[in-house]
Enquirer: 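Input: one structure, supplied below.
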Amino acid sequence: MEQLIIPAIIAIVVAFFSVYGLTPFVIRALEKRNITVVDANKKEKTMVARPGGLSIIIGIELSLIILYVFFPISEILAVILTTFFAFIVGLIDDRKTMGGWFKPLALAFCAAPILLLGAYDSNLDFPLFGSVKIPLLYMALVVFMIPIMGNTINSIDVLNGVASGFTTIASFALSICLFILQNYEVGIISLCLSFVSLAFYKYHKFPSKIFPGDSGAITFGAAYGSIAIIGGVEVIAAIAILPAIINSFLFLSSVKKIVEHREIKNPTSHTEDWKLQTTSENHAPITLVRLLIAKKPLSEKQIGIEIFKLAIFSGILAIITAFMMGVTI
Amino acid sequence: MSLAIFSFIFAMWILILVGGGLMVVFVGPLSFSGDNDLDPLINSGFKVLIAMILIFIWVFALLKIKNWIFRKIVKT
């Protein structure tokens with residue numbers, strides 16, 4: 001445990017300050033090249049730099065490479081490679097809008113390093129009851145985990161600061177769970193992700209100076225999913241992001257097909273004071289944001305705070321679950 | 001509205017715990033080898049099939065809970 005402290009501190013400092021220092025340069029570079037999009041929820045026409053995936057991936061890769069120098073274990077290498085491949089998929093999607101099936105399929109292949117490096121344990125652990133070993137089911141889980149997590153985080157990237165803030169809360173909760181389960185190395189990897197997303201949140205929070213884009217949101221999701229697999233905490237990781245899973249679940253159960261998020265009707269509209277209200281359009285999908293504003297219109301910032309409250313609640317449930325892992329009935 | 005979503009998250013959590021219990025207690029120990037030893041892959045395949053059915057039931061239960069919770073809200 002003691003020998004982990006210094007590498008952990010170095011990796012965390014690099015994770016935070018690389019993103020904190022690099023993102024302003026990325027913003028300026030994107031703005032200079034006019035690679036910006038309209039922030040749809042602002043009254044005045046506001047152009048925001050997009051995508052910010054580059055600073056996110058540099059933060060994750062740099063910090064994990066430092067950890068890998070100290071601890072050359074296949075688990076860290078698997079996260080480094082899987083996250084990088086996922087970033088490339090996101091970047092392609094940022095540059096050229098692909099069909100609804102492109103991302104899930106391409107992201108499924110990104111899990112290859114985890115499988116090839118054998119950086120997983122095929123026992124699926126559940127709280128209170130122990131673990132179950134179904135190798136075929138676990139292989140499918142590894143393959144599907146990256147597309148599911150990537151798209152789940154990407155699907156909540158609809159308001160200023162939500163994707164990065166949500167990832168910060170979820171990955172901090174996951175780190176605590178991993179420390180409770182005494183899986184310290186993977187806990188430190190998860191902490192690196194927490195600090196990368198926290199540093200990015202500084203620029204992504206309301207009012208955003210940069211959007212993560214598909215490359216950023218998918219990188220967050222893929223890193224989170226790979227950590228869940230190599231740490232053997234798939235169930236806990238899913239619990240920590242339940243609000244985002246609910247968002248995808250509500251969306252899929254109302255749309256009933258996998259589509260690219262740009263193809264769907266916006267389920268919200270604006271009031272005169274520029275708050276978000278639910279649309280009267282019957283065919284618009286049901287989403288978490290639409291549910292939050294079902295009773296009364298809320299400002300973009302208020303909705304973000306409501307989503308963070310839900311994320312904290314899920315994080316607490318995940319931590320309770322981690323404690324329950326040690327108990328067998 | 002937030003309270004309903006908190007309830008929905010809690011219901012999902014309970015369903016995950018119960019579903020995990022079913023997987024470990026019933027599906028995990030199942031063996032389809034019988035007298036002739038079947039390939040472990042086929043054995044695993046049968047378990048995956050059962051797991052898929054459980055997931056289907058899980059999603060179905062979740063849909064029912066979602067409709068029940070949010071219908072109550074629409075009424076109020």
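All chains are named by letter (A, B, ...) in the order of the sequence lines, taking the proteins before the strands, and each is independently numbered beginning at 1. Only this structure's heavy atoms are used, side chains among them; waters, hydrogens and symmetry mates stay out.
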Enquirer: Is A:Lys309 close to chain B through its backbone or its side chain, or both, or neither, when contacts mean heavy atoms under 4.5 Å?
Expert: both
Enquirer: If you measure from CG on A:Leu298 to CG on A:Leu159, what distance do you get to the nearest 0.5 Å?
Expert: 10.5 Å
Enquirer: Hey, which of A:Leu137, A:Leu310, A:Leu242, A:Ile239 has the most heavy atom pairs under 4.5 Å with chain B?
Expert: A:Leu310
Enquirer: Please work out which of the three classes, parallel, tilted or perpendicular, describes the rings of A:Phe313 and B:Phe10, given edges at 30° and 60°.
Expert: tilted
Enquirer: Rounded to the nearest 0.5 Å, what separation is found between the NZ atom of A:Lys133 and the CG atom of A:Asp121?
Expert: 6.0 Å
Enquirer: Between A:Thr321, A:Val235, A:Val132, A:Ile246, who has the most heavy-atom pairs with chain B when the cutoff is under 4.5 Å?
Expert: A:Ile246
Enquirer: Is a donor on one side and an acceptor on the other found under 3.5 Å between the side chain of A:Tyr224 and the backbone of A:Ile153?
Expert: no
